Amino acid sequence: MPAQTLEEKQARAARVLEVLEELYPNAATELEHSNPFELLVATVLSAQATDASVNKATPALFARYPDAASLARATPEEVEPYIKSIGLYRAKARNVVLLARKLVEEHGGEIPVDRTKLQELPGVGWKTATVVLGAAFKVPGIAVDTHLTRLARRLGFSEQRDPEKIGGDLERLFPREKWVFTHHALILFGRYRCTARKPLCEGCPLWEVCLSRGAW
């Protein structure tokens with residue numbers, strides 16, 4: 001890809017944002033939840049799994065364990081049957097139970113609106129903390145998953161491999177007040193249009209600003 005200045009990338013990012021706002025004006029997480037606790041648990045469960053698989057499992061899980069206090073009283077073995085259809089379910093069952101116990105013991109059962117404290121919870125890394133802070137509390141940030149990693153490279157916005165560094169590159173290109181929207185909209189674009197194996201390049205609304213156009 002040809003090297004571009006920051007200003008050139010920002011100009012293309014502005015056009016990308018315009019298109020995304022037209023395509024996905026109400027972009028939001030596809031993880032089904034009704035409160036920050038459910039979003040946190042669902043996001044932890046979504047690691048290396050699809051949102052669809054998580055959404056199939058969580059209704060029964062949340063009906064049985066509707067808050068941190070009830071989940072904290074469970075054992076991982078009791079949680080496992082509810083999430084057995086999700087990849088790595090044993091490790092995830094252990095993490096969400098330990099996470100709930102720590103929420104109860106250290107945060108009164110509430111989700112801390114603090115990145116450092118969130119990342120101290122079992123199963124919660126930078127990406128999960130960024131997702132929860134943005135989706136539940138509107139804290140600006142661009143969390144990077146496999147879709148954003150792919151799009152950042154294809155659009156010529158980042159050559160980094162580390163998700164945090166990719167997020168930093170994207171945050172330098174998009175307005176801060178649009179970071180949460182950009183995260184959700186790019187996920188939708190990557191999930192349903194700019195897919196990994198067979199991207200729908202024909203008629204793509206981002207064709208003119210995509211540095212990978214014509215590669216497929």
Side-chain angles (χ1 to χ4, degrees), residues 9-59 61-63 66 86 110-111 113 115 118 124-155 157-158 163 166-196 198-210:
K9 289 182 179 180
Q10 288 174 331
R12 288 194 302 109
R15 177 54 186 158
V16 169
L17 183 58
E18 288 179 5
V19 171
L20 293 176
E21 289 181 320
E22 292 173 3
L23 292 175
Y24 313 110
N26 301 309
T29 180
E30 292 190 311
L31 289 172
E32 296 172 1
H33 66 283
S34 59
N35 55 57
F37 168 74
E38 291 185 357
L39 176 62
L40 176 59
V41 172
T43 306
V44 170
L45 295 178
S46 72
Q48 300 183 50
T50 65
D51 287 1
S53 68
V54 174
N55 290 339
K56 288 180 181 179
T58 50
L61 176 68
F62 294 147
I86 303 174
E110 300 298 320
I111 308 302
V113 189
R115 179 179 301 280
L118 273 174
V124 179
W126 171 83
K127 174 195 159 189
T128 295
T130 304
V131 168
V132 172
L133 288 172
F137 303 108
K138 309 302 181 187
V139 176
I142 299 181
V144 174
D145 67 352
T146 55
H147 296 300
L148 269 79
T149 297
R150 180 171 68 255
L151 264 65
R153 183 170 294 272
R154 287 181 178 176
L155 290 168
F157 288 155
S158 178
I166 296 171
D169 285 345
L170 293 174
E171 289 175 358
R172 281 187 284 274
L173 301 179
F174 292 89
R176 180 180 175 85
E177 66 273 13
K178 295 290 184 179
W179 285 354
V180 175
F181 168 83
T182 299
H183 159 74
H184 292 306
L186 283 175
I187 284 179
L188 294 175
F189 194 81
R191 182 172 290 161
Y192 300 112
R193 178 116 202 174
C194 194
T195 53
K198 294 183 179 180
L200 305 177
C201 294
E202 185 175 351
C204 177
L206 295 181
W207 178 264
E208 293 303 321
V209 294
C210 180

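Quantities reported herein were computed from a predicted structural model and do not represent experimental measurements. Numbers for residues simply follow the sequence, beginning at 1.
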Identify the two heavy atoms, one from [X] and one from [Y], that lie closest to each other, and give their separation to 0.1 Å.
X: H33; Y: L31; answer: ND1-O, 2.9 Å
X: A13; Y: F174; answer: O-CE2, 3.4 Å
X: A129; Y: V124; answer: N-CG1, 4.0 Å
X: C194; Y: R154; answer: SG-NH1, 3.1 Å

Is any side-chain N of the basic residue among D169 and K9 closer than 4.0 Å to the acidic one's carboxylate O?
no
Would one find more than 12 heavy atoms of other residues, nucleotides or ligands at under 6.0 Å from atom CD of E22?
yes
Atom CD of E177 with >12 non-hydrogen neighbours under 6.0 angstrom:
yes
So, the side chain of [X] versus the backbone of [Y]: is there a donor-acceptor pair under 3.5 Å, distance only?
X: W207; Y: E202; value: no
X: H184; Y: A27; value: no
X: N55; Y: E30; value: yes
X: R150; Y: G190; value: yes

Go through the side-chain N and O atoms of T43 and S46 and say whether any donor and acceptor fall under 3.5 Å apart.
no
Residue pair R115 / T130, side-chain donor-acceptor N/O under 3.5 Å
yes
To the nearest 0.5 angstrom, please state how far the [atom1] atom of [X] sits from the [atom2] atom of [Y].
X: F189; Y: Y24; atom1: CZ; atom2: OH; value: 6.0 Å
X: E32; Y: D51; atom1: CD; atom2: CG; value: 9.5 Å
X: L151; Y: I187; atom1: CG; atom2: CD1; value: 10.0 Å
X: L118; Y: L40; atom1: CG; atom2: CG; value: 6.5 Å
X: L206; Y: L155; atom1: CG; atom2: CG; value: 6.0 Å
X: L45; Y: L61; atom1: CG; atom2: CG; value: 6.5 Å

Hey, mind stepping through T128 and V131 against side chain to side chain contact (heavy atoms under 4.5 Å, CB included) and telling me if it holds?
CA-CA 5 Å; T128 295; V131 168; 5.7 Å; no
Apply the test side-chain hydrogen bond (donor to acceptor under 3.5 Å, both in side chains) to residues T50 and S53: give CA-CA distance (whole Å), side-chain angles for both, the deciding distance (0.1 Å), then the verdict.
CA-CA 5 Å; T50 65; S53 68; 3.2 Å; yes
Side chain to side chain contact (heavy atoms under 4.5 Å, CB included) evaluation trace for L170 with I166:
CA-CA 6 Å; L170 293 174; I166 296 171; 4.1 Å; yes
K178: which of E21, E18, E171 passes salt bridge (charged side-chain N to carboxylate O under 4.0 Å, His left out)
E21
Hey, are the side chains of [X] and [Y] touching, using non-hydrogen atoms and a 4.5 Å cut-off?
X: F137; Y: I111; value: yes
X: P163; Y: K127; value: no
X: L23; Y: L188; value: no
X: W126; Y: V144; value: yes
X: V41; Y: T58; value: no
X: R12; Y: F157; value: yes
X: F181; Y: P25; value: no
X: L173; Y: S158; value: no

Check the pair E208 / R15 against salt bridge (charged side-chain N to carboxylate O under 4.0 Å, His left out), numbers first and verdict last.
CA-CA 10 Å; E208 293 303 321; R15 177 54 186 158; over 6 Å; no
